[in-house]
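Counting begins at 1 with the first residue of the sequence.
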Amino acid sequence: MKLYRTCLVVLVAIAPVGCQSGGPKAAPETKYDVIIRHGHILDGTGNPWYAGDIAIRGDRIAAIGSLENAKATREIDATGLIVSPGFIDMLGQSELSLLIDNRSQSKLSQGITSEITGEGGSVAPQNEHTLAPQKIILDHYHLSVDWQDLAGYFRRLQRSGTPINLGTYVGASQVRQAVLGDVDRAPTPAELEQMKSLVATAMQQGALGLSTALIYPPGHYATTEELIALAKVASRYGGIYASHMRSEGQSETAAIDEAIRIGREANLPVEIFHLKVSGKARWGDMPKVVAKLQAARDSGLDIAADMYPYIAGATALASSLPPWMADGGMEKLLERLRDPAMRRRVVADMAQDHNDWENLYLDCGGGKGVMISAVVNPDLQKYEGKTVAEIAKDENKPEMDALFDFILADKGQTAALYFMANENDLQYGLKQGWTSIGLDAGETSLDGPLFEPHTHPRAWGAMPRFLGHYARDLNLMDLSQAVRKITSLPAQREHLSDRGLLRNGFYADVTVFDPVAILDTATYTEPDQVSKGVEYVLVNGQLEWERGKLTGATGGRALVHER
């Protein structure tokens, strides 16, 4: 079951290739922990590959160049392979799953060494208000939350061990829920000060910025002014503002305007989560969306976006309902679904577009475009992989009744895929120089408590799909530029010191892959498939993925914002 929880800026001068390998050759007595030999080095800058060896000592890159006289405890032959910085997932969902089963097979097999998480909801702060809605999931996985703030979570993560590096935003909906609960009202001045204090504490403890998820309650209930007030706190600490916007469909233009306003008035960079154009009636609008974002950039606002290379999204099945249904929390939502009068109101609401909330169900063309991916109730597992339309037919019910009854039967915990986007729009967005890649999926493995046979294929294939299908096979961009978009670009966006590039002294997050073979194999019908072409992955100098197998190492660390 997917867990839905709905620094200094490094300015690196790009040196000529000769500066990378032009130093003196290593003396014969030089000894390293690892040497990666004979590879084609794509250093993350976007420069063409060059030939060379990379030596690692401890958690850092110790030498790059011609190192034939050097020795190492472990040597890796990268002949015919690309050696690049480890890939950075700009939006993951692994903050809790790493505490349940931290093998991270799905991430490491794609070459991912670092993940940024915290989409509106975040792992901290935690109190009785934030924990109550999570009780079903926490009990299901036997997971105890023994922290209240981000520092406490990072201590827990360190004790558990993590194969990947993990950084997080502090979620605006998280701090709202911590103070107000799930109610739809504005905070009082005193409550807003409490929320701002929680943001400040998280930023002091290493949060990378403030995030929002504005289609989901309770984040949906926040006004722009409330978000600006919180974003100003993150700005004081050098953070960024990252947003699942209020709309990716009917009101996307207004949603972009809101994100731009928050960035300008709070004086901080803006990152748009999983940029897309949702809904068949709007397909073809990505050039307009890109033009609007580019105009903001041209005017001086540091705004960029991340995407996943698929036309389907994924979120909770209950998220297809109008946000007013969730006022007061999940129990209130389920109570309203049992009321025939409320059902009739919801049916009417979901039959049309709205300017003030995202109608995911309509954007997908109804039940035929919504597929059940994971459930908590074991009696419902037979429906995983089926669409709402298929379930309605099987049960001889109207589509909306089938939807409502399913949400009730699984107590609002069902995960679903939403087929809402268009391939041409997707490709147009991927080609932009300021877009990066985020899976919007947590780490998992092919067995164990987190295994989902009908999860979204992005969990297993996003990075190889981007590099293999889009960059190489469709020739959307040169491989060096594709690698830049998943290494140095996200590191720069998140102000990650000494990561995202292959440089002497940088952390040894390294992915070695075959540029000819790299490709996703996960599909919507068979998503639990390991990608091809990623040969070796090192995280902070520790070899974690070796020719199709996990090594069991846990070299990952917390990625904290440095001031």
Inset, instruction - In plain terms, say whether Asp363 and Arg282 are close enough for a salt bridge, that is, a side-chain N and a carboxylate O under 4.0 Å apart. - result: yes
Legend entry - Exercise: identify the closest heavy-atom pair between Val483 and Gly44: CG1-CA, 4.4 Å
Legend entry - Side-chain donor-acceptor contact under 3.5 Å, Gln294 with Trp434: yes
Legend entry - Ion pair check, Arg37 and Asp53, cut-off under 4.0 Å: yes
Inset, instruction - Could you tell me whether the side chains of Tyr141 and Ser97 share a donor-acceptor contact shorter than 3.5 Å? - result: no
Legend entry - Inter-residue atom distance Asp520.CG - Phe466.CZ, 0.5 Å rounding: 12.5 Å
Legend entry - Asp410 (side chain) donor-acceptor with Val376 (main chain) under 3.5 angstrom: yes
Legend entry - Met307 side, atom CE; Ile272 side, atom CD1 - distance, nearest 0.5 Å: 12.0 Å
Inset, instruction - Answer yes when Arg103 and Asp447 have at least one side-chain N-carboxylate O distance shorter than 4.0 Å, and no when they do not. - result: yes
Legend entry - Stacked cation flag Arg60 on Phe506, 6.0 angstrom / 45 deg: no
Inset, instruction - Might you confirm whether atom CD of Gln158 has over 12 heavy atoms from other residues, nucleotides or ligands at distances under 6.0 Å? - result: no
Legend entry - Approximate separation, where rounding is to 0.5 Å, of Leu99 CG and Thr162 OG1: 9.0 Å
Inset, instruction - Establish, for the pair Arg458 and Tyr310, whether the NZ or CZ atom is under 6.0 angstrom from the six-membered ring centre and no further than 45 degrees off its axis. - result: no
Inset, instruction - Determine, using ring centers only, whether His454 and Tyr524 are less than 6.0 Å apart. - result: no
Legend entry - Between CD1 on residue Ile164 and CZ on residue Arg557, distance to nearest 0.5 Å: 14.5 Å
Inset, instruction - Without swapping roles, check the side chain of Ser320 against the backbone of Leu317 for a donor-acceptor pair under 3.5 Å. - result: yes
Legend entry - Donor-acceptor under 3.5 Å (Thr511 side chain, Val537 main chain): no
Inset, instruction - Inspect the surroundings of NZ in Lys280 and state if more than 12 heavy atoms from other residues, nucleotides or ligands are less than 6.0 Å away. - result: no
Inset, instruction - Would you kindly say whether Ser436 and Asp306 are connected by a side-chain donor-acceptor distance under 3.5 Å? - result: no
Inset, instruction - Kindly compute the distance separating CD1 (Ile35) from CZ (Arg74), expressed to the nearest 0.5 Å. - result: 12.5 Å
Inset, instruction - Using a strict 4.0 Å threshold on nitrogen-to-oxygen distance, state whether Asp425 and Lys276 make a salt bridge. - result: no
